[in-house]
Structures are given as C-alpha cells and as structure tokens.
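Quick notes on the structure that follows.
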2 protein chains.
Amino acid sequence: MIDGRKARGEKKRRAIVEAALRVIEREGIAGVTHRSVAREAGVPTTASTYYFATLDDLLIATLLWVAEELCEDMLKIVASGGNPREIARFLARAVNENRARTLAEYELYLLAGRRPELKAAARRWLDLAVEVSRPADPVAFRAFLAAVDGLLIQGLIADVAPNEDELEPIVSFLICGRDDSTPETREQ
Amino acid sequence: MIDGRKARGEKKRRAIVEAALRVIEREGIAGVTHRSVAREAGVPTTASTYYFATLDDLLIATLLWVAEELCEDMLKIVASGGNPREIARFLARAVNENRARTLAEYELYLLAGRRPELKAAARRWLDLAVEVSRPADPVAFRAFLAAVDGLLIQGLIADVAPNEDELEPIVSFLICGRDDSTPETREQ
DNA sequence: CAACTACTTGAACGATTGTTCCACAAGTTT
DNA sequence: AAACTTGTGGAACAATCGTTCAAGTAGTTG
C-alpha cells in the first residue's frame with residue numbers, strides 16, 4: 001500500500017533541509033550550496049539536486065520548515081501562561097544559547113522580503129499569535145510583537161547579548177504598561 | 001600639497017561603495033560580486049579589487065557607510081521634534097518608497113551579527129538615540145527602539161506594507177502610553 | 001517475472017567567481 | 001627631468017558553482 005521508497009525519500013529530504021539549516025547557522029545563507037549541504041547531510045551532491053531542483057527550492061523549504069517550528073515555539077509560550085518572565089526567558093535563550101539559530105531565522109526572514117510567495121510563511125507566527133491571544137488592545141499587542149522582533153535582532157548585534165533579567169522589565173512594560181516589573185523577584 | 005590622485009581615489013572608492021549598495025538593494029547581498037559592483041559603478045573589475053582587497057572589505061565599507069547615513073536620518077527625526085506622527089511618517093516611507101533600501105540595511109545589519117567588529121557600527125544609531133534623547137524612562141525607551149526595528153522588519157514581509165496612518169497609533173502607544181493617539185487628527 | 005517507479009550516484013559541462021599579475025598612464029616630489 | 005607614488009585595466013588562474021546526464025540499484029505493482 002504505502003510506498004516504502006517514498007517514505008525513506010521524505011526522510012532524506014527532511015535530513016537535507018535540516019543540514020541546510022545547520023549550514024546557515026554556521027556560515028549564513030551565503031554558505032549554502034548544493035555541495036556544502038550535501039556534505040553536511042552526509043549524502044552525495046546529487047541527492048540535494050534530486051530533491052530540490054534548484055538551490056532556491058532548498059532555501060524555500062528551509063524557510064518553511066523553520067517557520068513551522070517557530071509557530072510551535074510560540075504556541076508553547078502562549079500555552080505556558082505567557083507571563084513576562086516566561087517570555088523574557090525565551091528571548092534570552094534565543095540570543096544566547098540559540099543565537100546561531102536565531103541568526104539563521106532572521107536571514108531566512110529577510111529572504112521572504114524578496115520573495116512575495118514566502119511572506120505568508122514568514123509572518124505566520126505573527127498571525128497565529130494574534131489569533132490565539134485575542135488581545136483586548138490590538139495596538140498594544142502589535143507594539144509588543146514588533147518589540148519582540150526588535151529585541152531579538154538588537155540582541156544579536158549587542159556586544160554581549162542581554163540576559164533574562166535585563167529583558168524582563170522591557171517585556172513587562174510592553175505587556176503590563178509602565179514599569180510594574182515583578183516586584184517579588186526584586187531584591188530590596 | 002594635497003594629492004589630487006588620492007582625492008579622486010577617495011571619490012572613486014565611494015562611488016564603488018554606493019554602487020555596491022545599489023546592487024544590494026536590487027539583488028541582495030548575494031548579488032554582490034566584484035564584477036557586478038564594478039559593472040554597476042561603470043568601472044573595470046580591477047577597480048573594485050584595487051580599493052577593496054577582499055569582497056568582505058567592500059561589504060564592510062558598505063555597512064559602515066549605511067550606518068553613517070542611518071545615524072543622520074535618526075538625528076534629523078529627533079531634531080524635528082520626534083513626535084509620533086513624524087516618526088510614523090518616517091517608518092512608512094522606510095517600508096514603502098524606501099523599501100529596497102531598508103531591506104538592504106537589514107541584510108547588512110545581520111552581517112554584523114556574524115562579524116563582531118561590525119557590531120558597534122550597526123547599532124550606533126541605537127546608542128546615539130539614547131544619547132541625544134536622554135529618556136526619562138529608559139525601559140520604555142528601549143521598548144520603543146526595539147519596536148521600531150520590529151515594525152520595519154515586519155513591514156518588509158507584510159503583503160501590503162503599512163502606511164503612516166496605520167503606524168501612528170502604535171508609535172503613539174509606545175511613546176505616550178496607552179492609546180491616547182493624537183485626537184486632533186482623528187475624524188469624529 | 002516483467003514492467004514500472006523511485007531513488008542513487010559519479011562524472012562532467014559551461015559559467016562565474018575572487019583574486020593575482022603586470023605593463024602602463026598619470027600625478028607628485030625632489 | 002628623474003624618481004616616486006598612485007591609480008588603471010586587460011588578461012588570466014585555479015576554484016567553485018548549479019545543474020545535467022546517464023547508467024544503475026532497489027523497491028512496488030500487475
């Protein structure tokens with residue numbers, strides 16, 4: 001019934017996409033070639049060209065894959081309460097432990113700026129966030145979402161990336177309004 | 001006294017940098033080669049390699065040049081009052097008329113994420129903004145600056161980029177606090 | 001087992017790349 | 001004018017690139 005060949009094919013295709021993402025994390029989009037990705041995935045070059053007719057197709061598939069994972073992360077945060085500290089922790093991880101990944105995400109993000117057909121995928125996490133949060137104040141929510149992007153991108157070019165404690169007051173301000181940052185965690 | 005050769009050399013060097021920026025606006029960083037930039041500038045390929053020993057040097061020079069102009073723009077806005085409508089107008093222009101330029105700026109921005117020595121230049125407009133604004137509420141100001149980046153980058157991947165009127169309430173919220181958006185411009 | 005489909009892979013093609021080299025022109029200094 | 005510095009630019013190099021091709025393997029279907 002099911003074609004075992006196609007199943008393994010899908011798996012290999014995905015392995016190649018994941019290898020492409022690792023290459024982008026390490027060297028940026030500029031480092032993505034059929035050969036470099038294939039080497040990273042441990043497959044012959046022609047495996048990459050077989051599954052992705054053009055290099056562009058591979059980058060597009062990578063963006064779609066990253067966008068999907070990004071949505072999952074976002075939903076997880078919303079589900080876990082979405083309080084400022086939780087969000088600050090996520091942002092801090094993004095610009096520290098997951099720095100390379102975040103950098104890769106933004107490079108792919110900008111790729112969508114030049115490919116209209118990719119825009120929907122790139123901003124899907126934004127649309128999803130609005131959808132699941134049903135914010136009382138849409139303007140404030142838009143400002144918050146914009147600030148998330150800004151905090152990340154600015155965190156990437158900081159000399160030393162901000163940590164959870166530095167980000168938390170800013171997140172709090174954006175969510176709760178003027179400076180009522182979690183007094184219970186503040187030493188007197 | 002002054003060396004006329006060096007003077008013309010400086011001028012040519014700058015022309016090449018400006019050509020590089022135009023190439024990035026049109027095709028992205030990926031489109032930058034010594035040959036494409038030289039063609040854009042109307043000079044032989046070796047002119048580009050003469051002034052910029054490596055392609056990287058050319059990209060670095062372009063980032064530094066863009067960062068400088070960005071600071072000037074920022075100072076102009078602050079000087080012109082820095083009210084929400086003024087800022088919203090600037091942001092709207094950035095993602096519409098100047099879309100290509102803004103896209104180029106962010107691609108170069110991310111380049112700094114991979115070159116520690118470029119970080120300072122890339123975020124100079126941020127440091128300058130803090131310096132000249134001396135904000136009463138540093139946390140709110142950080143949030144505002146982050147949102148500016150976010151609004152721009154999200155504007156670049158929107159199906160239809162936001163206009164001045166759509167951005168103004170968000171900017172107002174970030175500056176003045178909860179939804180007191182310029183009532184004098186609102187039709188009843 | 002035969003026909004078919006899906007995947008595999010090394011070899012190769014032409015194109016483009018960054019960069020170097022070198023002979024030379026032009027401007028400056030002594 | 002001789003010595004120098006600075007800029008110019010055509011030609012060429014090896015390297016790498018995306019992509020194609022064709023011959024082959026291995027599963028699936030009838």
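Chain letters run A, B, ... following the sequence lines, proteins first and then strands; every chain starts at 1.
Put simply, CG on A:Asp57 is 12 Å from C1' on D:dG18, counting in whole angstrom units. Across the protein-nucleic acid pair, B:Phe52 atom CZ and D:dG7 atom P stand 12 Å apart, rounded to whole Å. Regarding B:Arg13, its CZ atom lies at a distance of 15 Å from the P atom of D:dT6, rounded to whole Å. When the P atom of D:dG27 is taken as reference, atom NZ of A:Lys6 falls 16 Å away, rounded to whole Å. Residue A:Arg39 contributes atom CZ, which lies 12 Å from atom C1' of D:dC17 at whole-angstrom precision. The OH-P distance, from A:Tyr51 to C:dA6, rounds to 11 Å in whole Å. Atom C1' of nucleotide C:dG18 and atom CZ of B:Arg35 are separated by 7 Å, given to the nearest angstrom. Between A:His34 atom NE2 and C:dA11 atom P there is a gap of 20 Å when expressed in whole angstrom units.
No hydrogens or angles considered: a donor-acceptor pair under 3.5 Å links the side chains of A:Asp149 and A:Tyr109.
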> Could you go step by step and tell me if B:Arg14 and B:Glu18 meet the salt bridge (charged side-chain N to carboxylate O under 4.0 Å, His left out) rule?
Replying inline: CA-CA 6 Å; B:Arg14 174 129 110 204; B:Glu18 286 173 5; 3.8 Å; yes
>> Please determine whether side chain to side chain donor-acceptor pair (under 3.5 Å) holds for the pair A:Thr46 and A:Thr49, giving the CA-CA distance in whole Å, both sets of side-chain angles, and the decisive distance to 0.1 Å.
In response: CA-CA 5 Å; A:Thr46 41; A:Thr49 68; 5.5 Å; no
>> Could you walk me through whether B:Arg124 and B:Glu68 satisfy the salt bridge (charged side-chain N to carboxylate O under 4.0 Å, His left out) test, starting with their C-alpha distance in whole Å, then the side-chain angles of each, then the deciding distance to 0.1 Å, before giving a yes or no?
In response: CA-CA 8 Å; B:Arg124 176 146 169 69; B:Glu68 199 178 313; over 6 Å; no
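With sequence neighbours excluded, the residues that form a side-chain contact (heavy atoms from CB on, under 4.5 Å) with B:Glu25 are B:Leu21, B:Ala100, B:Arg101, B:Ala104.
Between B:Phe144 and B:Phe141, the ring-plane angle classifies as tilted under the 30° and 60° cut-offs.
Phosphate contact (OP1/OP2 of D:dG18, side-chain N/O of A:Thr45, threshold under 4.0 Å): absent. For B:Lys11 and D:dG7, the shortest distance from a side-chain N or O to OP1 or OP2 is not below 4.0 Å. Put simply, B:Tyr50 has no side-chain N or O that comes within less than 4.0 Å of OP1 or OP2 on C:dT19. At D:dT8, one or more side-chain N or O atoms of B:Lys12 fall inside 4.0 Å of OP1 or OP2 (strictly under the cut-off).
Of the residues near DNA chain D, A:Gly31 and B:Ala7, the one whose nearest nucleotide (by heavy atom distance) lies more toward the 5' end is B:Ala7.
Within 6.0 Å of atom CZ in A:Arg89, more than 12 heavy atoms from other residues, nucleotides or ligands are found, so the atom counts as buried in its surroundings.
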> When you check every protein heavy atom under 4.0 Å of nucleotides 20-27 of chain C, what one-letter string (B, S, -) results, 5' to 3'?
Replying inline: BB----BB
